[in-house]
Trainee: 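Can you keep this structure in mind? I'll have questions shortly.
All residue numbers refer to positions in the sequence shown, counting from 1.
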Amino acid sequence: MTWPHSDSEPTPVGSAFAQLHPRIQRWIWAQEWSELRDAQGRAIGPILNGQRDVIIAAATASGKTEAAFLPICSALLSSPTPGTATGQQGVKVLYVSPLKALINDQYGRLDALCEHLDLPVHRWHGDVPGSRKARVLTDPDGVLLITPESVEALMVIHGPKIGRLFGGLRYVVIDELHSFLGAERGAQLQSLLHRLELAIRRRVPRIGLSATLGDMAAAAAFLRPGHGDGVTVITATDDTREVRLQLLGYEAVPVDLHPGQADAEVTSGGEADAGDVTTGDRLAVADHLFKTLRGTDNLIFANSRRDVEIYADLLHRRSARDKVPNEFIPHHGSLSKDLREHAEARLKDRTTPATAVCTSTLEMGIDIGTVSSIAQIGAPHTVSSLTQRLGRSGRRGEAATLRIYISEEQVTPNTPPPDALRSQLVQTIAMVDLLLRRWNEAPDSGGLHLSTLVQQLLSLIAQHGGVSPAQAHETLCGRGPFGRVSAALFAQLLHALSKADLLIQAGDGLLLLGTAGEQIVNHYSFYAAFRSAQEYRLIAHGRTLGTLPLDYPLMPGSLLIFGGRRWKVLAVDTRAKVVELTRSSGGRPPQFTGSGGEIADRVRREMLTVYTTSDVPRYLDAKAVQLLAEGRANFTRFGLDLSPIMAWGADTLIFPWRGDRIMSTLAAALTCAGVDVAQDGACLTIAGTSPEATIDRLQALAASVPDPLTLAASVRNKAGEKYDDLLSDELLNVAYAARSIDVDGAWRALTSLLKS
């Protein structure tokens, strides 16, 4: 759609634009837009319909927010809330975001749109003053921007008021939809939206916004459980950006000084140089980043907060060595709000260049302006994550630029095959190839989410002051998002929670909170569906730097890198959970909790294709080409081109080239069969067994398909979700089997192994 220009007020042409309210049309003219983008034009009709659920999938910075809110605001201006009187009190639009920072960012964007429409815009999260929240409670109206955790708090604390607060609700908008799919937080959001519709006694259209969706049908099923086939999916077709790629390879080089030697050097009054305590490959990566990115705005994504601290420190010290201003700033979830906002402000400031070294905190749609390029240190965890990160570059029609830095260990004749195959490099090549084919992982839709069901049951009781078992099951499971939980399984859950004193049953049959249940619900941590590690606050000279999860000893005199600076620990207050710091010349990166994503089945199968073909991607540098050649040569040397089963000393190694879930299922099945097995990435190691004996064991295993619950019972440490510790062993097995066991996929892989 193009808009003609004339001496009079320009009039955009096209039926989509013509459907918008005149005040919205005037706002668009004021922005001097020459046209609506593809998704913006196509979303107008379905959203104005007022009854449809809609998913808008488009690249980062492609105007998804406007695609949703231009027709939403038009609808609010054109007609009253269906089934209510004009001017019905209550929030009209509920915008749910996974991040407080994204809410703050979108608040300014939506306020600019709505300020001339007599439509108030409100924020609600932990950093919003109580006076502003009280205004929403007193006079609910307009657009409310909120996180799932704050919706949960509203349900628990203001349960009787929910019907009035949202009596005029017309639309629900879920931003960054992909971040909720398959996660406990997503199950929580589904339940909250269902409970909200029950409270106001009507269905409300839902609009999901996302840049990366691997399975549209699964995303639609998530948005409207049980009715995904009725969701309108709009996928933008105007994302034709050029992608510039470079993958740089490195080999690990040992450090000159080990941590203990470096600490002793600093304690004795000396100074340990970064080059003495950092592996040579990391120094080389930092050197390339410094030379390549300095003077422009960029994002450097590391796979852990620890790596963020390492590289932010190296780049800061390199700037000091060259006597130039430091442009490299850290950004991750453990840093204080002030430090994170400082980094975001530096990125938005176009007068001085800045590069953020970050985790996934800057992966989603916070507006930081245009960045020149993206750097990825280490193999990405998922193709979806890499796609999302790449989307932060190449905005406003520019090419998207991605540099990936992969380091591999040095290989000797005694190096085990999993390490000699250069698997990090090959995994990255596989993921990049899938990205270029626009493939992303599908969301996990198989879990029962019993942990989140526990939370929602306690929340439902708190909201209403009590609920009958039948009502609870009907609300949460029968018609709710936990539809795979049968009445019998729900009864087991109630029994387990009653035994733990989370629930009691009154004489009239109502479920009430027990003593332990009240303690859980009344604690501030209840509103989050995910588990948070115990955090210590880091303070330097009276200023809070952030928080650190401490599950290891940290003593006075210890050296630490945090916020891209080096510190010495002065004191640790275990009662107040405070660590006092002072500046130091030495330091080491802290240990953070957390792990990477699950490697998908398609990625591992694509890795096998990389090994068995001779194509060399053009985006590899000379060292990466060499590492790939070595990985392929070792693949052939080990005979893996002929058979996925090989001898290694007294052990046997199996390479099924399947995803983590299938690999862990095979490992559990072998364990149940009495086999000593260990999983190492793409490899299963059978201890003390020859290949011939291993094949015999696999054939015996393939003869009968096991019960997933039996496999789950053999797995230790199954409690991975927040309230798993409250489940009985039987329920924990059921939850783990649904979440982590894939017998069908594992047995197909087993059959394929035996045929090769």
Trainee: I'd like to check Asn440 versus Leu435 (side-chain heavy atoms, cut-off strictly below 4.5 Å). Are they in contact?
Mentor: no
Trainee: Main chain of Leu390, side chain of Ser393: is a donor-acceptor contact present, judged purely on distance under 3.5 Å?
Mentor: no
Trainee: Less than 4.0 Å between a side-chain N and a carboxylate O, is that true for Asp444 and Arg739?
Mentor: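 No.
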Trainee: Go through the side-chain N and O atoms of Thr361 and Arg340 and say whether any donor and acceptor fall under 3.5 Å apart.
Mentor: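 Result is no, nothing qualifies.
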Trainee: Does a donor on one side chain sit under 3.5 Å from an acceptor on the other, for Gln106 and Ser97?
Mentor: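 Side chains of Gln106 and Ser97: no pair found under 3.5 Å.
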Trainee: With a 4.5 Å limit on heavy-atom distance, are the side chains of Glu441 and Glu598 in contact?
Mentor: no
Trainee: Among side-chain atoms of Ser664 and Gln679, is any donor-acceptor pair under 3.5 angstrom?
Mentor: no
Trainee: Between Gln376 and Arg389, do the side chains contain an N or O donor and an N or O acceptor separated by less than 3.5 Å?
Mentor: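 Side chains of Gln376 and Arg389: pair found under 3.5 Å.
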Trainee: Find the distance between CD (Gln246) and OG1 (Thr401) and round it off to the nearest 0.5 Å.
Mentor: 10.0 Å
Trainee: Do the two ring centres, one from Tyr405 and one from His288, sit under 6.0 Å apart?
Mentor: yes
Trainee: In sequence, state the C-alpha distance, the side-chain angles, and the governing distance for Asn298 and Thr296, and then conclude on side-chain hydrogen bond (donor to acceptor under 3.5 Å, both in side chains).
Mentor: CA-CA 6 Å; Asn298 310 276; Thr296 58; 2.8 Å; yes
Trainee: To the nearest 0.5 Å, how far apart are CZ in Arg422 and CD1 in Ile429?
Mentor: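 That separation rounds to 12.0 Å.
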Trainee: Hey, mind stepping through Arg403 and Ser373 against side-chain hydrogen bond (donor to acceptor under 3.5 Å, both in side chains) and telling me if it holds?
Mentor: CA-CA 8 Å; Arg403 297 180 180 90; Ser373 69; 3.2 Å; yes
Trainee: Could you give the distance from CG (Leu628) to CG (Leu620), rounded to the nearest 0.5 Å?
Mentor: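 Going from the CG atom of Leu628 to the CG atom of Leu620 covers 6.0 Å.
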Trainee: Quick check on Glu341: does its CD atom have over 12 non-hydrogen neighbours (other residues, nucleotides or ligands) under 6.0 Å away?
Mentor: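 Yes, enclosed.
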Trainee: What pair of heavy atoms forms the shortest contact from Lys64 to Ser210, and how long is it?
Mentor: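 Distance-wise, the nearest heavy atoms are CD-O, 3.4 Å.
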Trainee: Taking C-beta and beyond as the side chain, do Val156 and Phe526 meet within less than 4.5 Å on heavy atoms?
Mentor: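 Side-chain contact under 4.5 Å: yes.
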Trainee: Please determine which of Thr547, Asp573, Thr544 meets the side-chain hydrogen bond (donor to acceptor under 3.5 Å, both in side chains) test together with Arg537.
Mentor: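 Considering Thr547, Asp573, Thr544, a side-chain hydrogen bond (donor to acceptor under 3.5 Å, both in side chains) with Arg537 is found only for Thr544.
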Trainee: Is there a donor-acceptor contact under 3.5 Å linking the side chains of Ser384 and Thr387?
Mentor: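 Ser384 vs Thr387: no donor-acceptor pair found between side chains.
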Trainee: Side chain of Lys722, backbone of Ala528: donor and acceptor closer than 3.5 Å?
Mentor: yes
Trainee: Determine whether the aromatic ring centres of residues Phe562 and His332 are separated by less than 6.0 angstrom.
Mentor: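 Yes - the distance between ring centres of His332 and Phe562 falls below the 6.0 Å cut-off.
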Trainee: Would you give the length of the straight line joining atom CG of Leu102 to atom OH of Tyr107, rounded to the nearest 0.5 angstrom?
Mentor: 15.0 Å
Trainee: Out of Arg566, Arg318, Arg565, which residue meets the side-chain hydrogen bond (donor to acceptor under 3.5 Å, both in side chains) rule with Asp313?
Mentor: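 When side-chain hydrogen bond (donor to acceptor under 3.5 Å, both in side chains) is applied between Asp313 and each of Arg566, Arg318, Arg565, only Arg566 qualifies.
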Trainee: So, His125 and Thr147: side-chain donor and acceptor under 3.5 Å apart, yes or no?
Mentor: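 Absent: no donor and acceptor within the cut-off.
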Trainee: Apply the side-chain contact (heavy atoms from CB on, under 4.5 Å) test between Ile406 and each candidate in Ile377, Leu425, Leu627; give the one that qualifies.
Mentor: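 By the side-chain contact (heavy atoms from CB on, under 4.5 Å) criterion, Ile406 pairs with just one of Ile377, Leu425, Leu627: Leu425.
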Trainee: Answer yes if the side chains of Asp281 and Thr279 hold a donor-acceptor pair under 3.5 Å, and no otherwise.
Mentor: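 On atom types as modelled, these side chains qualify, holding a pair under 3.5 Å.
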Trainee: Could you grab the distance from atom CE of Met607 to atom CG of Leu421, nearest 0.5 Å is fine?
Mentor: 8.0 Å
Trainee: More than 12 non-hydrogen atoms from neighbouring residues, nucleotides or ligands closer than 6.0 Å to CZ on Arg346, yes or no?
Mentor: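 It does: Arg346 CZ has more than 12 such atoms within range.
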Trainee: Taking 4.0 angstrom as the limit, do Arg392 and Glu363 come out as a salt bridge?
Mentor: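 Salt bridge between Arg392 and Glu363, a charged N being under 4.0 Å from a carboxylate O: no.
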Trainee: Checking side-chain contact (heavy atoms from CB on, under 4.5 Å) between Phe290 and each of Val285, Val324, Leu314, which is the one that passes?
Mentor: Val324
Trainee: Short question: side chain of Glu251, backbone of Ser407 - any donor-acceptor pair under 3.5 Å?
Mentor: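 Judged by distance alone, no pair lies under 3.5 Å.
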Trainee: Search all heavy atoms of Thr412 against all heavy atoms of Thr415 and return the closest pair with its distance.
Mentor: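 That closest heavy-atom pairing would be N-OG1, 2.7 Å.
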Trainee: If you measure from CG on Leu209 to CG on Asp175, what distance do you get to the nearest 0.5 Å?
Mentor: 5.0 Å
Trainee: Just do the salt bridge (charged side-chain N to carboxylate O under 4.0 Å, His left out) check on Asp287 and Lys291 with the steps written out, would you?
Mentor: CA-CA 6 Å; Asp287 185 61; Lys291 292 178 179 177; 3.2 Å; yes
Trainee: Side-chain contact, heavy-atom cut-off 4.5 Å: Thr65 with Arg109?
Mentor: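 Side-chain contact under 4.5 Å: yes.
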Trainee: Answer yes or no: is there a donor N or O on one side and an acceptor on the other, between the side chain of Gln188 and the main chain of Thr452, under 3.5 Å?
Mentor: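 Absent.
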Trainee: Check the pair Gln388 / Glu176 against side-chain contact (heavy atoms from CB on, under 4.5 Å), numbers first and verdict last.
Mentor: CA-CA 10 Å; Gln388 189 78 9; Glu176 303 293 353; 3.3 Å; yes
Trainee: Judged by modelled atom types alone, do Thr351 and Asp349 share a side-chain donor-acceptor pair under 3.5 Å?
Mentor: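 Indeed, the side chains of Thr351 and Asp349 share at least one donor-acceptor pair under 3.5 Å.
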